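I have placed the structure first, in the form of structure tokens, so that the comments after it can refer back to it.
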Amino acid sequence: MIHILKILALVFSANAAIAQSYPEYSSTTVNDFAGLLDEGAEARLSKQLSDLRKTTGVEMTILTLSRQDMFAPDQTLEKFATGLFNEWGVGDKSRNDGVLIMVLRTDRAMRIELGSAYGSEWNRYAATVINRSFLPAFKEDRYQDGIEAGVGDTIDSIVTPYLAGTNAPNGQNDTWVWAAVLAVFGTIGALVFKDRFVKLKKCPQCGTRHLERTRHVKSMASKTSTGSGDRITTCSNCNYREVVPYTISRKSSSRSSSFGGGSSSGGGASGRW
């Protein structure tokens, strides 16, 4: 009987391990495992987040995945994001002001996960940023545009005011303030953001907008050598396929190659499109 119980315990433990796991990060800034960003956008975002960390100490990171069920099929998106945030240790452990932006391409879902220092009053505004800057582009499959716009908005509207000691917007007042701003500066805003929300390129073979990009890693990078992979673009409407090799930079041996041990208590917001 004891042996049977031991076997059952091992089975349950194995099932639990299979049901919940987390991807390993290769960068503390951008881990585009779903292949949503081209090399230029990834470089811009990585520099933007590296500069943020250098100037403010805030660790902010971007993760794109195809879908969640590859790692934690039985969890909610919120629990998965919180668990991954804490597994990676995003943010300085004494400040807990890290930020995780997670985009799940096939699930058509995303989340901004905030470090525990932000407090629940920032959750509502994280939802505002998602609805205002990420989702409009995501609904048109313009993921790169949405990620770049959303990261900038997250920094400007959450991280910067938080560091300045500004209270999070409290609801009703925020609504009419934004309405007034949009009414007065709507024309200017349209001019400013026109080039940021460019149309997704059409398939060169059939002319439809059904292109999807994934990455296949052939060899991982290390601290002594670069890695390699293929960026694969396909069209779901025809048989178009393009494979472009790319190089994975060597892992840094400096402090910036790992997170600072921060944690989240589940704060933030989610969005779907």
Side-chain angles (χ1 to χ4, degrees), residues 29-30 32 36-37 41 44-46 48-49 51-53 56 58-65 77-78 80-82 84-85 90-91 96-105 107-183 185-186 188-190 192-194 196-197 262 264-273:
T29 54
V30 181
D32 181 30
L36 303 182
L37 306 170
R44 290 191 298 273
L45 288 164
S46 183
Q48 184 179 20
L49 299 185
D51 290 345
L52 179 70
R53 182 173 181 175
T56 68
V58 173
E59 294 178 4
M60 183 171 170
T61 189
I62 301 166
L63 169 65
T64 74
L65 297 171
L77 171 61
E78 290 73 20
F80 176 59
T82 302
L84 185 141
F85 188 109
V90 180
N96 289 320
D97 53 6
V99 179
L100 164 68
I101 293 177
M102 178 190 292
V103 179
L104 304 172
R105 166 66 178 87
D107 293 342
R108 300 184 75 83
M110 71 157 295
R111 181 163 178 82
I112 296 178
E113 185 77 16
L114 300 175
S116 58
Y118 286 91
S120 60
E121 65 271 17
W122 287 96
N123 294 351
R124 178 187 171 277
Y125 212 57
T128 299
V129 170
I130 289 173
N131 291 326
R132 181 171 64 211
S133 295
F134 285 98
L135 297 193
F138 286 1
K139 289 176 181 178
E140 298 180 359
D141 290 335
R142 295 182 291 107
Y143 294 100
Q144 179 169 296
D145 300 323
I147 291 171
E148 291 202 82
V151 166
D153 196 359
T154 302
I155 294 173
D156 294 341
S157 302
I158 297 178
V159 176
T160 300
Y162 169 79
L163 293 175
T166 304
N167 293 328
N170 59 10
Q172 297 180 353
N173 290 339
D174 179 51
T175 301
W176 73 261
V177 168
W178 274 108
V181 170
L182 290 175
F185 297 104
I188 298 176
V192 171
F193 291 101
K194 181 178 180 181
R196 296 175 69 177
F197 291 101
S264 170
S265 57
S270 302
R272 297 182 182 275
W273 61 95

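Keep in mind it's a predicted model, so treat the numbers as computed, not measured. Residue numbers start at 1 and run along the sequence shown.
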Less than 4.5 Å apart, side chain to side chain, heavy atoms only: is that true for [X] and [Y]?
| X | Y | value |
| --- | --- | --- |
| Leu65 | Phe80 | yes |
| Met102 | Glu113 | no |
| Thr61 | Val30 | no |
| Ile130 | Met110 | yes |
| Ile147 | Thr64 | yes |
| Leu77 | Leu104 | yes |
| Leu163 | Val58 | yes |
| Arg111 | Val103 | no |

_Exam field: side chain Ser46 to backbone Thr29, donor-acceptor pair closer than 3.5 Å_ =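 No; zero donor-acceptor contacts below 3.5 Å.
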
Reported [atom1]-to-[atom2] distance for the pair [X] and [Y], which is rounded to 0.5 angstrom:
| X | Y | atom1 | atom2 | result |
| --- | --- | --- | --- | --- |
| Leu114 | Tyr125 | CG | OH | 13.0 Å |
| Trp273 | Lys139 | CH2 | NZ | 10.5 Å |
| Ser264 | Asp97 | OG | CG | 12.0 Å |

*So, Asp141 and Tyr143: side-chain donor and acceptor under 3.5 Å apart, yes or no?*
yes

*Output, in order, the C-alpha distance, side-chain angles, deciding distance and verdict of side-chain hydrogen bond (donor to acceptor under 3.5 Å, both in side chains) for Ser157 and Asp153.*
CA-CA 6 Å; Ser157 302; Asp153 196 359; 2.5 Å; yes

_Qualifying residues under side chain to side chain contact (heavy atoms under 4.5 Å, CB included), relative to Ala41, sequence neighbours excluded_ = Leu37, Asp38, Arg44, Gln144, Glu148

Write down the atom of [X], the atom of [Y], and the distance for their closest heavy-atom approach.
| X | Y | result |
| --- | --- | --- |
| Ala109 | Arg272 | CB-NH1, 3.3 Å |
| Leu49 | Met60 | CD1-O, 3.3 Å |
| Thr82 | Ser265 | CG2-C, 4.5 Å |
| Gly268 | Asn123 | N-OD1, 2.8 Å |
| Val99 | Tyr118 | CG2-OH, 3.6 Å |
| Ala127 | Ala269 | N-CB, 3.4 Å |

*For Phe134, enumerate each residue passing the ring-ring contact (aromatic ring centres under 6.0 Å, His included) test, keeping only those at least two apart in sequence or located in another chain.*
Phe138

_Any carboxylate oxygen within less than 4.0 angstrom of a Lys/Arg side-chain nitrogen, looking at Arg105 and Asp32?_
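Salt bridge flag = no for Asp32 with Arg105.
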
